[in-house]
Enquirer: 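So that we are looking at the same thing, I have put the structure below in structure tokens.
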Amino acid sequence: MHVEHIGIAVKNCQDANQLFAKLLGSEPYKAEKVESEAVNTSFFQVGNTKIELLEATAEHSAIAKFIEKRGEGIHHIAFEVKDIYAEMERLKAEGFQLLNEAPKRGADNKLVCFVHPKSANGVLVELCQEIKE
């Protein structure tokens, strides 16, 4: 398991892309719309880790609600796992509350599952696994 990416909620991906391009000295390598989560995403590579910018595309999205409550900022930390199904079972057995019962398709060709922040010291944790096609 390693940190795959850090998700940052932003009001506007285009503006945030410009800011992070200046900060990191490189342009985003990918932009993607994730309909199931009602977000636009943008990815920057930083060494072995990525930064994912998340912009809400609908008022009901989790990102819109997050920004309304807390403003822009770090939304989640994602860990890449070898077997997301086994890791979900392991975490449930350890008493963690998962936000979804089965992995779902996320951005950047990943299967994803989230651990509720209430069971992880206030941090939204994402598990992700590369989809092999």
Enquirer: Rounded to the nearest 0.5 Å, how far does CD of E35 lie from CG of N40?
Expert: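 Here the rounded value is 8.5 Å.
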Enquirer: So which heavy atom on V115 is nearest to which on L99, and how close?
Expert: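 Result for this residue pair: C-CG, 4.4 Å.
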Enquirer: Could you check whether any side-chain heavy atom of H2 comes within less than 4.5 Å of a side-chain heavy atom of N48, counting everything from C-beta outward?
Expert: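 Result no, sub-4.5 Å side-chain heavy-atom pair not found.
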Enquirer: Report the residues that fulfil side-chain hydrogen bond (donor to acceptor under 3.5 Å, both in side chains) with E72, sequence neighbours left out, ordered by chain and then residue number.
Expert: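 Listed in chain order: nothing, the list is empty.
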Enquirer: Verify the cluster assignment for M88 and V123: are they in a single hydrophobic cluster under the rule of side-chain heavy atoms below 4.5 Å apart?
Expert: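 Looking at the clustering, V123 is in the same group as M88.
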Enquirer: What are the two closest non-hydrogen atoms of P103 and I84, and how far apart are they?
Expert: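 Taking P103 first and I84 second, the nearest heavy atoms are CG-CG2, 3.7 Å.
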Enquirer: So, the side chain of S42 versus the backbone of L53: is there a donor-acceptor pair under 3.5 Å, distance only?
Expert: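 No, the answer is negative, given that no donor and acceptor are paired below the 3.5 Å cut-off.
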Enquirer: Are any non-hydrogen side-chain atoms of L124 and H75 less than 4.5 angstrom apart?
Expert: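 Yes, side chains in contact.
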Enquirer: Quick check: do F79 and C128 have side-chain heavy atoms less than 4.5 Å from each other?
Expert: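 F79 vs C128: side chains apart.
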Enquirer: Mind checking side-chain hydrogen bond (donor to acceptor under 3.5 Å, both in side chains) for K104 and listing every partner two or more places apart, or none if nothing turns up?
Expert: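 So K104 forms a side-chain hydrogen bond (donor to acceptor under 3.5 Å, both in side chains) with E37.
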Enquirer: Flag yes if more than 12 heavy atoms outside N100 fall under 6.0 Å of its CG atom; otherwise flag no.
Expert: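 More than 12 within 6.0 Å, yes.
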Enquirer: Check whether any side-chain heavy atom of V112 sits under 4.5 Å from a side-chain heavy atom of L127, and report yes or no.
Expert: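 They are not in contact (no side-chain heavy atoms under 4.5 Å apart), so the answer is no.
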Enquirer: Within a strict 4.5 Å, meaning less than it, do heavy atoms of the E87 and L91 side chains meet?
Expert: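 Yes; the side chains approach each other to less than 4.5 Å.
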Enquirer: With hydrophobic residues grouped by side-chain heavy-atom distances under 4.5 Å, do L111 and F43 end up in a single group?
Expert: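 No: no chain of side-chain contacts under 4.5 Å links L111 to F43.
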Enquirer: Output the distance between atom CD1 (I63) and atom CD (E59), rounded to the nearest 0.5 Å.
Expert: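 CD of E59 is found 15.0 Å from CD1 of I63.
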Enquirer: How close do A38 and S61 get, counting heavy atoms only, and between which atoms?
Expert: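 So the minimum-distance heavy-atom pair works out to O-CB, 3.5 Å.
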Enquirer: Should V10 and I51 be counted in the same cluster of Ile, Leu, Val, Met, Phe, Trp and Tyr side chains packed under 4.5 Å apart?
Expert: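 Cluster IDs for V10 and I51 match.
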Enquirer: Any chance you could measure C13, atom SG, to Q18, atom CD, to the nearest 0.5 Å?
Expert: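 Answer rounded to 0.5 Å: 11.5 Å.
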Enquirer: State the OG-CD distance between S119 and E94, to the nearest 0.5 angstrom.
Expert: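 That separation rounds to 11.5 Å.
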Enquirer: Report the C-alpha distance between E55 and K33 in whole Å, list the side-chain angles of each, state the deciding distance to 0.1 Å, and finish with yes or no for salt bridge (Lys or Arg N to Asp or Glu O under 4.0 Å).
Expert: CA-CA 9 Å; E55 170 193 37; K33 187 173 193 166; over 6 Å; no
Enquirer: Mind checking what makes side chain to side chain contact (heavy atoms under 4.5 Å, CB included) contact with K65, not counting sequence neighbours?
Expert: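 Per chain and number, K65 pairs via side chain to side chain contact (heavy atoms under 4.5 Å, CB included) with no residue.
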Enquirer: For residues F66 and G71, report the shortest heavy-atom separation together with the two atoms involved.
Expert: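 For F66 versus G71, the nearest heavy atoms are CE2-O, 3.5 Å.
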Enquirer: Check side chain to side chain contact (heavy atoms under 4.5 Å, CB included) between N109 and all other residues, then give those that pass, not counting sequence neighbours.
Expert: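 Side chain to side chain contact (heavy atoms under 4.5 Å, CB included) check on N109 returns R105, E130, I131, E133.
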Enquirer: Contact between I8 and F20 at the side-chain level, heavy atoms closer than 4.5 Å - yes or no?
Expert: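 Yes; the side chains approach each other to less than 4.5 Å.
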Enquirer: Answer whether the closest heavy-atom distance between the side chains of F44 and P28 falls below 4.5 Å.
Expert: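 Yes, their side chains come closer than 4.5 Å.
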Enquirer: Find out whether L24 and V46 are in side-chain contact, i.e. whether some heavy atom of one side chain is under 4.5 Å from a heavy atom of the other.
Expert: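 L24 reaches V46 side chain to side chain.
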Enquirer: Would a distance-only check, ignoring hydrogens and angles, find a side-chain to backbone donor-acceptor pair under 3.5 Å from Q45 to G47?
Expert: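 Looks like yes, one N/O pair under 3.5 Å.
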Enquirer: Does any pair with a residue in residues 20-30 pass side chain to side chain donor-acceptor pair (under 3.5 Å), and if so which ones, sequence neighbours excluded?
Expert: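 Residue pairs passing side chain to side chain donor-acceptor pair (under 3.5 Å), neighbours aside: Y29-D108, K30-D108.
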Enquirer: Heavy-atom count check: over 12 atoms from other residues, nucleotides or ligands less than 6.0 Å from I74 CD1?
Expert: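 Result for CD1/I74: open.
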Enquirer: In terms of side-chain geometry, is the basic nitrogen of K110 or E4 positioned less than 4.0 Å from the acidic oxygen of its partner?
Expert: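 Answer for the salt bridge query: yes.
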Enquirer: Who pairs with H76 by ring-ring contact (aromatic ring centres under 6.0 Å, His included), at least two apart in sequence or on another chain?
Expert: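 Scan of H76 (ring-ring contact (aromatic ring centres under 6.0 Å, His included), adjacent residues dropped) gives H5, F114.
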Enquirer: Work out which heavy atom in T41 is nearest to a heavy atom in V34; give both atom names and the distance.
Expert: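 Shortest heavy-atom separation between T41 and V34 comes out as CG2-CG2, 4.2 Å.
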